[in-house]
Asks: 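Okay, here's the structure, questions in a sec.
Chain letters run A, B, ... following the sequence lines, proteins first, then strands; residues in each count from 1.
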Amino acid sequence: MSLLYTLTDRLAAALGAAGIDESLGLVTPSADTRFGDFQTNAAMVAAKALKKNPREVAASILAHLQVEDLCESPTVAGAGFINFKVHESALSEAVNALRNDRSLGVEMVKKPKTIIIDFSSPNVAKPMHVGHIRSTILGDSLTRIARHLGHQVITDNHIGDWGTQFGKVIYGWKHLLHRESLEQAPIAELVRLYREVNALEENDPALKEIVRHELVKLQQGDAENLEIWKQAVVLSWKEFERLYGLLGIIFDERLGESFYNDALGPLVDRLLAEGIAELSKGAVCIFFPELPALEEKPCLIRKSDGGFLYATTDLATIEYRESRWKPDAIWYVTGSPQQLHFEQVFAAARMMGVTTDLRHIAFGSILGEDRKMMKTRSGENVELGGLLNEAIERALAVVAEKNPDLPRTDQEEIAHLIGLGAVKYADLMQHRLTDYVFSWDKMLSFQGNTAPYLQNAYVRIRSIFRKAKSEGIAEGISSIPSESSPIVISDPSERTLALQILKFGEVLHAVLEDQRPNLLCLYLYELADSFHRFYEACPILKSEDPVRSSRMALAGLTADVLKTGLSLLGIGVPERM
RNA sequence: GCAGCCAUAGCUCAAUUGGAUAGAGCAUCUGACUACGGAUCAGAAGGUUUGAGGUUCGACUCCUCAUGGCUGCACCA
């Protein structure tokens, strides 16, 4: 059990003995380390409920608090904070325990859930652009973290493979296709077809009708059009897979919109028959008279021309997932602008009897330099593939400059880890709900609070161990026996680092609680920062045993946490850089 | 018009049930370069948390109003 949990337990016991609600007893790391290592505001929270003086409540808690084996005598400060300063021996013991703990202090959830995470979802025949970054990277990171904590996660890429854009694509394919371009860069060619037909339509109303007819033929199962559609999907997937491969992302399922096609008609008919949906102005709608917020916002599931909508597919998808996986939760990782849509779909699903925890994990928009949303049609979108290639190229230039002696293949491998890590981290480090201004410089920066900074901390530690090995000092962290060479905390920077390492066990749960990987980014940055300070202040290899073994073990633990934490963000670490 | 989200340092962003003196990065300035790897570290400077009220022992955080911005609001996805 971690130091924090132990303190929490002790506090709960003291609260109970003092006749106070034990659930108020939250212990947190100190906001300001001058006051101690941990603190609790329980006295102030309790005082409010009991209408008593906070300091008096604190005193009565202290009277029952038994922590002398762990800390110096707790003190009351300010309005009623109780501060804990951990004994060096207790801190050493806690951090030593992690050396034999492969989980690094992370406890699994007690009740694992089955969670379906729906993310990325690009559209066929359109390139993935920076707008897809957040969903893709955020969804992947949440998947990794949820699995790490013991949940069962099913990832599903619900791609847009059945949109109205296919009328244009099919017409273009039949009349304007360049075979060679299609083979070289299929999505670019499909986009060209789409755009060209779009332009032609502008000046030719008759063409518009022909194009619409191509779409109708596709929907009715015309063999030729169906074949063109299939090829467009296959070709698009090939490009998507290349990007997912680069990003290290694997989907369990890739059930696009087209998969649910046959279910839409029967679903609407059934909802009508059950009285959940009704006809209104020629369209089929679900109304929510009991929800004031949605009173005037019906969910449309069939157009007056008989066509189906976004919400129809989403409802069919929920039904399918319910019957196949019986999930505890379904998470939709999509942008904030879709908030109303999901409110409607979730409300409709509840009317259909679905009790699963449906959650829209919204995120802010990526803005252009003008602080306005990057628009799909502007054509100014930065394509994801290009961004990733640029990141890798820039990283390669730096790697080649710093490590001219490394073989080219090694340089390239390292550049991949650094470049892709930088892009992922730049996105994940931000609070997911805030809009952010896209900036090449920021995405591709390798200095400051960036993935390369974290990777560099890891690389330095690995370098120390390589050197130790070559000098015959130690083979690796596992070769330092924890029994005979315990970690001993003496320098303040060691203390800070040890406390930071011990936080790892809690941070992942906090991340998943609010679906906010930026908290993990923040944690890892502070860990790397603590390590760098320690590294400057405390010579490792130049010191003598037992200090040397202690510091090596502390550094080794830091490396383990960095590597594990970064992997949960989908970011890899090189051994040198 | 209605609804949702947002407003924090020059810029980009943090801030753990409402907690102590609001923190980082970038940019600027000053130091550490015969280095356990400088993609680093030490330090300086930078703030009335958009504004006005309210609740509270305590507010960036909760409530009300105002201002400014973004997004959505019946047959696109």
Asks: Students often get this wrong, so: under 4.0 angstrom with heavy atoms, is Y436(A) touching a base, only sugar-phosphate, or nothing?
Replies: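 Sugar-phosphate, no base atom in range.
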Asks: Return the residues of residues 529-540 of chain A meeting this criterion: a heavy atom under 4.0 Å from some atom of RNA chain B. Order them by number, or give none.
Replies: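 Contacting residues: D529(A), H532(A), R533(A), Y535(A), E536(A), C538(A), P539(A), I540(A).
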Asks: Drop me the distance from Y525(A)'s OH to M429(A)'s CE, to the nearest 0.5 angstrom.
Replies: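 The CE atom of M429(A) is 8.5 Å from OH of Y525(A), to the nearest 0.5 Å.
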Asks: Which nucleotide in the set C76(B), C36(B), A20(B) lies at the smallest distance from any side-chain heavy atom of A31(A)?
Replies: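 The closest nucleotide is A20(B).
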Asks: Could you tell me whether V459(A) contacts a base, only the sugar-phosphate backbone, or nothing, with contacts defined as non-hydrogen atoms closer than 4.0 Å?
Replies: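 The residue V459(A) makes base contact.
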Asks: With sequence neighbours left out, which residue pairs that include part of residues 536-547 of chain A fulfil the side-chain hydrogen bond (donor to acceptor under 3.5 Å, both in side chains) condition?
Replies: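 Sorted pair list: D545(A)-S549(A).
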Asks: How would you label the contact of I464(A) with the nucleic acid (heavy atoms, under 4.0 Å): base, sugar-phosphate, or nothing?
Replies: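 Touches a base.
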Asks: Report which part of the nucleic acid V399(A) touches: base, sugar-phosphate, or nothing (heavy-atom distance under 4.0 Å, all strands).
Replies: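 The answer is base, as V399(A) lies within the cut-off (heavy atoms under 4.0 Å) of a base atom.
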Asks: Counting side-chain heavy atoms from C-beta on, which of G72(B), C36(B), A14(B) comes nearest to L340(A)?
Replies: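 From the listed options, G72(B) comes nearest.
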Asks: Of the listed nucleotides (U16(B), U71(B), A14(B)), which one gets closest to any side-chain atom of P29(A)?
Replies: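 Selected nucleotide (nearest to the side chain): U16(B).
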Asks: What is the distance, rounded to the nearest whole Å, between atom CG of N456(A) and atom C1' of U40(B)?
Replies: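 Roughly 7 Å, once rounded to whole Å.
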Asks: Just to be sure I understand the rule, does A362(A) reach a base, reach only the sugar-phosphate, or reach nothing, if contact means heavy atoms closer than 4.0 Å?
Replies: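 Result for A362(A) = nothing.
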Asks: Report yes or no: is there a donor-acceptor pair, N or O only, under 3.5 Å between the side chain of K297(A) and the base of G4(B)?
Replies: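 Answer is no: no donor-acceptor pair is held.
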Asks: With heavy atoms under 4.0 Å as the rule, sort D161(A) into base, sugar-phosphate or nothing.
Replies: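 Nothing, no nucleic acid heavy atom in range.
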Asks: Nearest whole angstrom, please: distance from the P of G4(B) to the NE2 of H341(A).
Replies: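 Checked: the NE2 to P distance equals 19 Å.
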Asks: Just the rounded figure in Å: distance from P of G25(B) to CE of M429(A).
Replies: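 Nearest whole value for this atom pair: 10 Å.
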Asks: Between the base of G18(B) and the side chain of K48(A), is one N or O donor paired with an acceptor at under 3.5 angstrom?
Replies: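 Pair found.
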Asks: Would you indicate what M44(A) reaches in the nucleic acid, counting non-hydrogen atoms under 4.0 angstrom: base, sugar-phosphate, or nothing?
Replies: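 Base, at least one base atom sits under 4.0 Å.
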Asks: At under 4.0 Å between heavy atoms, what does V507(A) touch on the DNA or RNA strands: base, sugar-phosphate, or nothing?
Replies: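 Nothing, no nucleic acid heavy atom in range.
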Asks: Please report the distance, rounded to the nearest Å, between CG in L562(A) and P in U40(B).
Replies: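 Going from CG in L562(A) over to P in U40(B) covers 14 Å.
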Asks: Under 30°, 30 to 60°, or over 60°: which ring-plane class applies to W229(A) and F166(A), parallel, tilted or perpendicular?
Replies: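 Because their plane-to-plane angle is over 60°, the rings of W229(A) and F166(A) count as perpendicular.
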Asks: Would you say Y453(A) reaches C26(B)'s phosphate, i.e. side-chain N/O to OP1/OP2 under 4.0 Å?
Replies: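 Indeed not, no polar side-chain atom of Y453(A) lies that close.
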Asks: Take atom NZ of K442(A) and atom C1' of G25(B), then tell me their distance rounded to the nearest Å.
Replies: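 Answer to the nearest Å: 8 Å.
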Asks: Atom CE of M128(A) and atom P of A77(B): how far apart are they, to the nearest Å?
Replies: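 Whole-Å distance recorded here is 21 Å.
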Asks: Quick one: on RNA chain B, does N449(A) or A42(A) contact a more 5' nucleotide (nearest heavy atom)?
Replies: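 The answer here is A42(A).
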Asks: Measure the distance from CZ on F166(A) to C1' on A77(B) and round it to the nearest whole Å.
Replies: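 Rounded to whole Å, this separation is 12 Å.
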Asks: I'd like to know if R516(A) reaches the base of U16(B) with its side chain such that a donor and an acceptor end up less than 3.5 angstrom apart.
Replies: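 It does not, because no donor-acceptor pair links the side chain of R516(A) to the base of U16(B) below 3.5 Å.
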Asks: Which is true for L522(A) with a 4.0 Å heavy-atom rule: it touches a base, it touches only sugar-phosphate, or it touches nothing?
Replies: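 The answer is sugar-phosphate, as L522(A) gets under 4.0 Å only of primed atoms, P, OP1 or OP2.
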Asks: So I418(A), base contact, sugar-phosphate only, or nothing? Heavy-atom distance under 4.0 Å.
Replies: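 Counting heavy atoms under 4.0 Å across all strands, the contact made by I418(A) includes a base.
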Asks: I'd like to know whether CD of E296(A) has more than 12 heavy-atom contacts from other residues, nucleotides or ligands below 6.0 angstrom.
Replies: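 12 or below, so no.
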Asks: Which of the following nucleotides, A20(B), A77(B), G37(B), is nearest to the side chain of L309(A)?
Replies: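 Nearest to the side chain of L309(A) among the choices is A77(B).
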Asks: Please map the stems of RNA chain B, keeping only stretches of three or more Watson-Crick or G-U wobble pairs with both distances under 3.5 angstrom.
Replies: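 Result, WC/G-U stems under 3.5 Å: B:1-7 with B:67-73, B:10-13 with B:23-26, B:28-32 with B:40-44, B:50-54 with B:62-66.
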Asks: For F81(A) and U16(B), give me the distance from atom CZ to atom P, rounded to whole Å.
Replies: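 Between P of U16(B) and CZ of F81(A): 13 Å.
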Asks: Looking for any heavy atom pair under 4.0 Å, which part of the strands does S336(A) touch: base, sugar-phosphate only, or nothing?
Replies: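 No contact.
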Asks: From U17(B), G19(B), C76(B), pick the nucleotide closest to the side chain of A79(A)?
Replies: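 Of the options given, the side chain of A79(A) lies nearest G19(B).
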Asks: Once hydrogens and angles are ignored, does a donor-acceptor distance under 3.5 Å link the base of A15(B) to the side chain of N518(A)?
Replies: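 No pair found.
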Asks: Look at the side-chain N and O atoms of T434(A) and state whether any lies under 4.0 Å from the OP1 or OP2 oxygen of A14(B).
Replies: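 Yes.
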Asks: Quick one: the side chain of S280(A) and the base of A74(B), do they pair up donor-acceptor inside 3.5 Å?
Replies: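 When only heavy-atom distances are counted, S280(A) does reach the base of A74(B) through a donor-acceptor pair under 3.5 Å.
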Asks: Heavy atoms only, 4.0 Å cut-off, all strands: where does C299(A) land among base, sugar-phosphate and nothing?
Replies: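 Since no nucleic acid heavy atom lies under 4.0 Å of C299(A), the category is nothing.
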Asks: Hey, can you tell me if F346(A) and F342(A) have their rings parallel, tilted or perpendicular (30° and 60° cut-offs)?
Replies: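 Plane angle between 30° and 60°, so tilted.
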Asks: Ignoring the backbone of R34(A), work out which of C36(B), U21(B), G37(B) is nearest its side chain.
Replies: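 Given the options C36(B), U21(B), G37(B), the side chain of R34(A) is closest to U21(B).
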Asks: Within the stacking criterion (centroid distance below 5.5 Å, interplanar angle below 30°), does F35(A) stack on A20(B)?
Replies: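 Stack criterion met.
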